Amino acid sequence: MDGMTPLPPSTGQDAELVIAVENLRVSFRTDEGVITPVDGVSFSAKRGKTLGIVGESGSGKSVSTRALMKLLPRNALIDPTSRMLLHVGREKQVDIAPLDPDSKAMRKIRGGSIAMIFQEPMASFSPVYTIGNQITEAVRLHRQAANSPLAATETVGEQIEENILGHGKMTKKQAHEIAVEMLHRVGMSNAGLRVNQFPHELSGGMRQRAMIAVALSTQPALLIADEPTTALDVTIQAQILELMKELQDDLGMSIIFITHDMGVIAQVADEVAVMYLGKIVERGPTRRVIANPHHPYTVGLLRAIPRMDNLTRRLTPIPGDIPSPLERPKGCPFVTRCPKRMAQCAEVMPGDTDMGDGQSVACFLHG
Amino acid sequence: MTDAATPTVNGALPHNDAKALKYYTASQWQLVWWRFKRHHTAMAGALFLLAMALAGLFADFIAPYSTTTRDRDYIMGPPQMPMAWDSHGFSLRPFIHGVTTKRDPVTLRKIATIDPDKREYLEFFMRGEAYTLFGLIPSNIHLFGVPSGHIHLFGTDELGRDVFSRTLFATGTSLSIGVLGVMTAFVLALIIGGTAGYFAGWIDYGVQRVTEIVRVVPVIPLYMGLAAAFPREWSNIQVYFAMTMIFGLVGWPTLARRVRSHLLAQRGEDYVLAAELSGARPARIIGKHLLPSFTSYIIVDLVISFPYMILSETALSFIGLGLRPPSVSWGIMLQDAQNIRAIEQAPWFFIPAGFVVLAVLAFTLLGDGLRDAADPYSVNK
Amino acid sequence: MSRFIIQRLFGMLVTLFFVSIMVFTIMELPPGDYADRYAFRKYSGTGINVTESDIQNIRVEFGLDRPAPARYLSWIGGILTDFDFGQSFAFETSVNRVVGERLVLTLALLYATLILTYAISIPIAIYAAVRRHSAVDYGLTIMSYLGLALPNFLLALILLYISVTVFGSSVGGLFSPDYVDAPWSFAKVGDMLLHLIVPSLVLAWSATALQLQTVRATMLDELNKLSVTAARARGLPEWKLLLKYPARLAINPVVSTIGFDVNRIFSELPIVALVLSLPELGELLIQSYLDLDMYVAGAILMMLTFFIVFMNFLSDVLLAVLDPRIKLEGG
Ligand SMILES: Nc1ncnc2c1ncn2[C@@H]1O[C@H](COP(=O)(O)OP(=O)(O)O)[C@@H](O)[C@H]1O
Ligand code: SF4
Ligand SMILES: [Mg+2]
């Protein structure tokens, strides 16, 4: 049985949007007062493409992507002016922002339209159920029985619509078959055996593969990968990145890839958004941003990549620590650490300046 | 995700740099103390226990009577609460209503009735029965009393003895048995757990087995079995110390387990090896280097094991296998409440039970607070 | 699995062996021996003058003149081969007959208490953890502190007081007067079950308080696990998710502490039984300690411990079934 149906190839130069986030602002009520670790960010992801979000730990990457799935804790508040448009069909869009986290519509989107993988593959699985159990759970929640017209849907949008509206649950046996096939698909040998194993019986790399299998088993339009390789060693990291690329080529889903490592961005992302203290400070096509970084923070992140041609040079991480959201500077968020700061930087927040070719930067050095 | 509430290595210094500096340079004990102070319930528990301990310690002075003084005119009499005013008006000095006794013409038994027209004014620092405080200082000054008649804040028992006075003395006895029991258990745990944890091997195996046995035998039946063996002719003092001994004997394995696991964890650390290489003796290494590394946890364990000792003493004395009259402890006083007829007529026999509950509650709150304070990674659960 | 079970069974036997030595020591602890007490009991007040040689004869008759290890062997041998726990001199019959029915009643009380404890604590604690800072959650905290501070026998006394003063009848006893000496019948069992409610509630009191805290704490831990977020990200409905993931794991510490709960219940049983006059083993244990009827006491101590050890074993096996992470091969 064919468990995986590739999405039809994208039409034209301008790939369709899967998600468009506009002016997302997330606050938390804490003992020390209200903090806003994500402060008005906008980004979008296109079909078959990967958006990389890069930034140091604490810059708000996880919070902004978890907001997309309404997975934030109770003390979180998504600003009502934020918009998170999930594209359903060519013209139709669903705004996720006002949806109730516990609503049926939201549950359909979770796992069905947007799937997520996390940094710790071990902790992502419950230790008391088999890998197969957790895949079939997702499959049965979101996929239709074989005779449903899912395979025939034309576009991502229709497919999402189908996922939201569809009925006709799969049997456990069918779901199990898909689980085995998915495990095979992510490169696990002996998938028929592995499907009945418990997470602790797999190695770290295998667990992350299994996690990818769970996420993609529902044929989501968007995969959010929150530092999926950070906990893995370098060779396995390379294998996983390779696998994700392959699957994206086959299945055509969009990926939002979160990392703190510019080196990884260079390998996987088509576009990149550099995030610092709740703001996107620079964005653009990955090649352009890497070849021609404009923001001092981006420059700093690029310097921290180990380079094959110059292994003797020490990595130069950006000196200093990212401030807590409680101590957000009034002006440019990077002002406390910026080697090029000017008088106005501490007072006024720089706006976005278009640098051409889709690249833009928020820094007084450029505009 | 970093916790925004406390500054962390990643987080920036709080606005007030001086305060932050203080936070970063504080010693471990200062940190524990600061966290503990924020725990209001634990603080309240600590203060309450302090008050209880003082009341027990100075029972001779605070109690108007001794544990055996009988008021034959007021048998099974209800509590008398000092008041500031009655139908005759207001008084600055608190008073109680006096008692008149008549004989029942039929049974010829004396019946005490409260006389609302008779006022007995309270006096403070009044001379009364003689006593020797701590067995050292002879005195006859009592915190309060009434010059004529008697005052019974918690009423009297079947023999006309003052329940308030007896409760104070009982508090002293019960708390001190707890303290001595915990101390005995602690010393045994240190010696045995320390040996087992440090030397590992067969000593460790032996201790593990003993721990296992004490863990599966029901505790109070075990205490009862040991207490049943006390010879009848033993004096009260002997029974008292024998009880602390059995509490220690049964209580050490749990503590020893903790000591042992901490020691096993720390044994391989560099600083222990360094001490060993420089030729320090095991006892010195355990005492000087290892124990201080988890003193705070041990303190928490000790505080937490208190309630079990107190409850066990109460239970044993309650069924007549622990302390025996004329000793007074909470358990002994509660024996009076075993008789359903008695508590029906005199519910104030339950008052010592209130003390037991409050003491255990206070220890539990204190223990919880200390545990949170001692554990830097604790979250408020 | 079978290897694991055999291993645990063996461990259980070793523990029971050591326990039996300790119990025997306790039986031997009181001053004087069985012969002294037997003679005193039998002849005091009868005017017959008992000499030291008479007592010595009794000693020989019961084999008490032999050294302690030999006496231990014949005691444990009797139990193992004939299930014979010796003689009760207070009742002047065999220990087995004295213990008899009380054993069944004790077990009925134990299981009723365990069922109550878990039926109350698990759902409430799970709910309180999910709805943290709700009224139920605060109620749970207060109840669990109270449950630990108010000992069961005091609760029993208070209930007794209330039942006598308010309802004019006692909640004590395990049977209505009509059934006390009646032969066993369905009506008698029903009557007993009804009478079991109050004692098992009293006995469940502190065990419930402890389990409420444990389950709530584990549940809070589990709720914050990434695997729960991951499952939520798969679109599982919330209550289904809570039951399948965190609640399922919050059961594990309960299972692993079954033996501990049984220990606690048996520990509190004698005094509660005394207050509520329940005709079971705990009450008999106190009586036999007071009479120094040590064969009865030893038998009861052995039986109670046996059940604790057995429930420990059961909980080990159950836990191994519930938690695939537990290695079945190793020690
Ligand atoms: N549950 C929460 N409550 C309060 N603050 C939070 C919570 N979760 C995240 N934050 C804050 O949001 C900031 C950004 O966190 P996160 O998105 O996890 O960063 P990143 O993923 O970029 O490392 C952190 O500095 C943290 O202080
Ligand atoms: S705006 Fe100023 S402080 Fe901010 S990055 Fe640019 S130069 Fe640095
Ligand atoms: Mg993150």
Side-chain angles (χ1 to χ4, degrees), chain B residues 41 209-210 212-234 307-308 310-312 314-316 318-321 330-331 334 337-345 347 349-350 352-354 356-365 367-368 379 381, chain C residues 11 14-16 18-19 21-23 25-32 145-146 148-151 153-154 157-158 160-161 164-165 170 172 213 216-217 220-221 259-260 262-271 274-275 282 285-286 288-290 292 294 297-298 300-301 304-306 308-309 312:
Chain B
T41 47
R209 283 278 81 76
V210 178
E212 177 69 19
I213 294 168
V214 178
R215 213 166 62 88
V216 292
V217 178
V219 184
I220 293 185
L222 180 58
Y223 282 143
M224 296 192 311
L226 294 170
F230 297 165
R232 288 280 133 186
E233 58 276 8
W234 271 8
Y308 294 102
I310 289 176
L311 287 178
S312 303
T314 310
L316 282 191
F318 176 76
I319 55 174
L321 279 170
W330 289 330
L334 283 171
Q338 247 183 55
N339 179 344
I340 188 73
R341 294 250 75 80
I343 47 170
E344 213 183 329
Q345 288 168 28
F349 287 4
F350 272 134
V356 177
V357 172
L358 288 177
V360 174
L361 199 59
F363 271 119
T364 314
L365 291 174
D368 283 0
V379 265
K381 282 203 179 129
Chain C
V14 172
T15 308
L16 280 175
F18 284 117
V19 167
I21 291 179
M22 193 184 72
V23 169
T25 315
I26 289 179
M27 290 166 62
E28 298 262 313
L29 270 185
Y145 272 118
L146 210 65
L148 294 179
L150 178 66
F153 72 95
L154 282 182
L157 268 180
I158 292 170
L160 209 58
Y161 174 72
V164 169
T165 53
S170 166
Q213 280 190 345
R216 176 178 175 275
L220 283 179
D221 265 5
F260 181 77
V262 177
N263 188 318
R264 170 174 278 270
I265 291 167
F266 278 162
S267 184
E268 287 156 350
L269 179 63
I271 304 175
L274 182 79
V275 172
L285 181 65
I286 296 184
S288 50
Y289 276 145
L290 290 171
L292 292 183
M294 295 317 277
I300 296 177
L301 216 48
L304 296 185
T305 310
F306 172 81
I308 294 168
V309 174
N312 261 334

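Lettering follows sequence order; numbering is per chain, from 1. Bear in mind the structure is a predicted one, so any value in this text is a computation, not a measurement.
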Residue among [options] with most heavy-atom pairs under 4.5 Å to chain B:
{"options": "I26(C), L157(C), L16(C), T15(C)", "result": "L157(C)"}
{"options": "L29(C), L301(C), V23(C), N263(C)", "result": "N263(C)"}
{"options": "F266(C), Y289(C), F306(C), F260(C)", "result": "Y289(C)"}
{"options": "V309(C), L304(C), I300(C), I286(C)", "result": "I286(C)"}

Taking atom [atom1] of [X] and atom [atom2] of [Y], what is their separation to the nearest 0.5 Å?
{"X": "L361(B)", "Y": "L146(C)", "atom1": "CG", "atom2": "CG", "answer": "7.0 Å"}
{"X": "S288(C)", "Y": "M224(B)", "atom1": "OG", "atom2": "CE", "answer": "8.0 Å"}
{"X": "L285(C)", "Y": "I220(B)", "atom1": "CG", "atom2": "CD1", "answer": "11.5 Å"}
{"X": "D368(B)", "Y": "Q213(C)", "atom1": "CG", "atom2": "CD", "answer": "6.5 Å"}

Less than 4.5 Å apart, any side-chain heavy atom of I308(C) and any of P218(B)?
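Result yes, sub-4.5 Å side-chain heavy-atom pair found.
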
Check: L290(C) and I319(B) side chains under 4.5 Å, non-hydrogen atoms
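No, side chains not in contact.
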
Identify which part of [X] has an atom lying under 4.5 Å from any heavy atom of chain C, answering side chain, backbone, both or neither.
{"X": "F350(B)", "result": "side chain"}
{"X": "Y308(B)", "result": "side chain"}
{"X": "F318(B)", "result": "side chain"}
{"X": "P231(B)", "result": "both"}

Heavy-atom pairs under 4.5 Å with chain C are the metric here; pick the option from [options] that has the most.
{"options": "G225(B), A359(B), G320(B), A362(B)", "value": "G225(B)"}
{"options": "A229(B), G354(B), P307(B)", "value": "A229(B)"}
{"options": "A227(B), P347(B), S312(B)", "value": "P347(B)"}

For the student: nearest non-hydrogen atoms of [X] and [Y], plus distance:
{"X": "L222(B)", "Y": "M22(C)", "result": "CD1-CE, 3.7 Å"}
{"X": "A228(B)", "Y": "L292(C)", "result": "O-CD2, 3.5 Å"}
{"X": "L311(B)", "Y": "P151(C)", "result": "CD2-CG, 3.5 Å"}

Per-residue contact mode, L274(C) against chain B (heavy atom under 4.5 angstrom)
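Answer is side chain: those atoms of L274(C) sit under 4.5 Å from chain B.
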
Relative to chain B, which segment of Y145(C) carries a heavy atom at a distance below 4.5 Å: side chain, backbone, both, or neither?
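For Y145(C), heavy atoms of backbone and side chain both lie under 4.5 Å from chain B.
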
